[in-house]
Peer 1: 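What follows is a structure written as structure tokens; I'll ask about it next.
Letters A, B, ... mirror the listed sequences (proteins, then strands); counts begin at 1.
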There are 2 protein chains.
Amino acid sequence: MPARRKTTGDVSSIDNRIRTNSEWSCLTKTEAELFNQKVLCRVYGVNETVFMEGDPCKGLYFVESGLVGVRKTDIEGQSALVRLAGPGDTLGYRPFLAKQSHRASAEVIEAAKVCFIDAQTARQLLHDNHELGLRFLERTARALGESEDRLFQLAALNVHVRVIHLLVLLHDRWGRSVGDGAVDIEIPLTRHDLASMVGARPETVSRAIRHLENEGLARFRGRNVHIEQFDRLAEELHANLSGLH
Amino acid sequence: MPARRKTTGDVSSIDNRIRTNSEWSCLTKTEAELFNQKVLCRVYGVNETVFMEGDPCKGLYFVESGLVGVRKTDIEGQSALVRLAGPGDTLGYRPFLAKQSHRASAEVIEAAKVCFIDAQTARQLLHDNHELGLRFLERTARALGESEDRLFQLAALNVHVRVIHLLVLLHDRWGRSVGDGAVDIEIPLTRHDLASMVGARPETVSRAIRHLENEGLARFRGRNVHIEQFDRLAEELHANLSGLH
DNA sequence: CGCCAGGTTGATTTCGCTCAAGCAATGTGG
DNA sequence: CCACATTGCTTGAGCGAAATCAACCTGGCG
């Protein structure tokens with residue numbers, strides 16, 4: 001096998017993506033060129049669907065900007081938000097790697113630029129570049145651990161605590177510090193979506209939110225959240241988490 | 001076959017393992033020799049611990065025979081059975097691949113022969129053999145899908161249905177057909193373990209079991225289960241599952 | 001302006017947990 | 001062999017968290 005160490009030096013958003021994304025940063029110049037040649041980018045409007053549950057997995061999607069929601073839908077049309085994907089996140093890698101069809105839909109929440117690489121090319125890169133596979137292996141194994149932890153928590157914690165946990169997670173990824181320990185989270189999620197993320201009903205989440213406001217732990221203004229002292233929230237979470245894991 | 005081996009116990013079963021186990025069947029002759037040279041086998045008695053939650057992951061374990069339970073334990077000593085591993089199953093591959101420590105303990109339920117390959121050797125094989133990594137990738141991605149499905153179900157289904165689901169899963173892996181659609185499941189699990197597998201309390205599971213008996217769907221004799229018409233059970237499950245996935 | 005989806009709030013019900021008692025099955029020491 | 005712990009399972013009663021049902025806001029928009 002030829003030596004592969006140099007990565008491409010071109011500067012476009014895709015190259016940037018390849019360089020910054022831990023998984024793809026190991027591509028050689030040639031491989032990166034193939035990637036760039038094959039990648040397709042598109043801007044999606046709000047509520048547009050990137051892929052649907054049940055569809056065969058045609059390739060991998062990279063969110064460049066905006067916000068995409070991953071949902072599972074049951075026959076009655078009730079959808080549950082499973083996770084959020086923003087800039088830098090990859091969509092559809094689980095079905096791609098498992099060689100299965102999509103088990104969830106991806107629906108745009110905030111206008112997003114999403115790039116696509118077809119399965120065949122992705123598989124070729126995976127085949128040519130050994131390191132790439134090993135990186136995906138580690139990422140997938142970690143995701144598996146997280147999923148199992150979540151399972152454990154769902155059974156052990158009540159809604160109030162799960163909502164706090166969700167807020168902390170949302171903060172970690174989407175929070176904007178507004179100085180002196182205060183944080184804003186601005187994600188346009190309906191109460192229904194919020195509820196489905198913690199495995200509860202909207203009414204119950206509504207009450208949990210009211211409770212948080214009464215405690216002065218968070219302030220909800222429509223779909224934005226302001227947390228004056230994030231420490232207190234994190235503390236409250238840890239008090240409930242200890243004795244668990 | 002040369003007789004020089006560092007293993008305790010006979011090696012033919014290991015070769016068999018390598019050949020039959022989908023992940024490792026791609027090893028070359030040389031690699032298989034390395035594997036055989038490094039593998040260590042041991043017989044564990046009931047209640048013996050293979051590895052503990054929190055321990056660094058020292059390698060991979062293969063269950064040759066017997067039954068091993070994977071558990072998570074909280075600080076109060078309450079343990080929850082997470083999964084069962086029998087002949088052909090691999091233990092500890094998630095922490096190994098994720099380069100993390102064990103997040104669960106493995107405890108022998110029925111006297112078991114377990115083989116071990118150290119992390120360094122396993123990683124070397126993973127590095128040398130490209131195909132091996134890709135196979136683990138697929139397996140891990142599938143496991144991730146299953147874990148996510150389980151999450152979804154825990155939130156959506158009541159205990160009664162979850163118990164039925166567990167019985168169906170146990171049947172698929174451990175069931176013994178006794179003719180004409182009837183099935184026996186003989187796994188020495190306490191009610192407490194059964195309960196933790198479906199995220200419920202023993203009392204609640206006990207009541208669910210009583211309910212199943214009243215419906216004539218299953219008969220519990222101590223820790224053995226007899227299902228006269230497995231079809232009916234599967235049917236009952238699907239009636240509750242449809243409208244979900 | 002009225003409409004309406006999304007959000008809140010209250011009343012009621014249900015499910016599953018907790019607590020507690022009783023009951024086999026098994027073990028143990030005298 | 002019996003008295004008695006011990007352990008795991010079942011059953012009942014009560015309680016609490018969250019779902020369900022239903023009414024009522026609220027704010028954006030044609």
Peer 1: Main chain of A:Arg71, side chain of A:Glu107: is a donor-acceptor contact present, judged purely on distance under 3.5 Å?
Peer 2: no
Peer 1: Just the rounded figure in Å: distance from P of C:dG16 to NE2 of B:His160.
Peer 2: 10 Å
Peer 1: Return no unless some side-chain N or O of A:Ser206 is found under 4.0 Å from OP1 or OP2 of C:dG7.
Peer 2: no
Peer 1: In whole angstrom, give the distance that lies between atom CD of A:Glu203 and atom C1' of D:dC21.
Peer 2: 9 Å
Peer 1: Find the distance A:Asn224:CG to C:dG7:C1' and express it as a whole number of Å.
Peer 2: 15 Å
Peer 1: Does any N or O in the side chain of A:Ser65 come within less than 3.5 Å of the main-chain N or O of A:Pro87, such that one atom is a donor and the other an acceptor?
Peer 2: no
Peer 1: To the nearest Å, give me how far apart CZ (A:Phe220) and P (C:dT8) are.
Peer 2: 9 Å
Peer 1: Name all residues meeting the salt bridge (charged side-chain N to carboxylate O under 4.0 Å, His left out) criterion together with A:Arg223; count only those two or more places apart in sequence or in a different chain, and write none if there are none.
Peer 2: none
Peer 1: OP1, OP2 of C:dG6 versus side-chain N and O of A:Thr190: anything below 4.0 Å?
Peer 2: no
Peer 1: In this structure, which one of A:Arg207, A:His211, A:His165 forms a side chain to side chain donor-acceptor pair (under 3.5 Å) with A:His160?
Peer 2: A:His211
Peer 1: Given D:dT20, D:dT10, D:dA13, identify the nucleotide with an atom nearest to the side chain of A:Arg207.
Peer 2: D:dT20
Peer 1: Base, sugar-phosphate or nothing for A:Arg223? Non-hydrogen atoms, less than 4.0 Å.
Peer 2: sugar-phosphate
Peer 1: Looking at the side chain of B:Ala200, which of C:dT18, C:dT9, C:dC17 is the nearest nucleotide?
Peer 2: C:dC17
Peer 1: Of the candidate nucleotides C:dG16, C:dA20, D:dT20, which contains the atom at the shortest distance from the side chain of B:Asn158?
Peer 2: C:dG16
Peer 1: Would you say B:Arg191 places a side-chain N or O within less than 4.0 Å of OP1 or OP2 belonging to D:dT10?
Peer 2: yes
Peer 1: Write down the distance between CD (B:Gln78) and C1' (D:dG8), rounded to a whole number of angstrom.
Peer 2: 14 Å
Peer 1: How many Å lie between NE2 on B:His192 and C1' on C:dC17, as a whole number?
Peer 2: 13 Å
Peer 1: D:dA19, C:dC19, C:dT9: which one has an atom nearest the side-chain heavy atoms of A:Arg210?
Peer 2: C:dT9
Peer 1: Please state how far atom CD in B:Glu213 lies from atom P in D:dT11, giving the value in whole angstrom units.
Peer 2: 9 Å
Peer 1: Which whole-number value in Å describes the distance from A:Arg221 CZ to D:dG27 C1'?
Peer 2: 15 Å
Peer 1: For A:Arg221, which residues count as a side chain to side chain contact (heavy atoms under 4.5 Å, CB included) partner, sequence neighbours excluded?
Peer 2: A:Arg219
Peer 1: Closest approach to the side chain of A:Arg201, judged atom by atom: which nucleotide of D:dC9, D:dA19, C:dA20 is it?
Peer 2: D:dA19
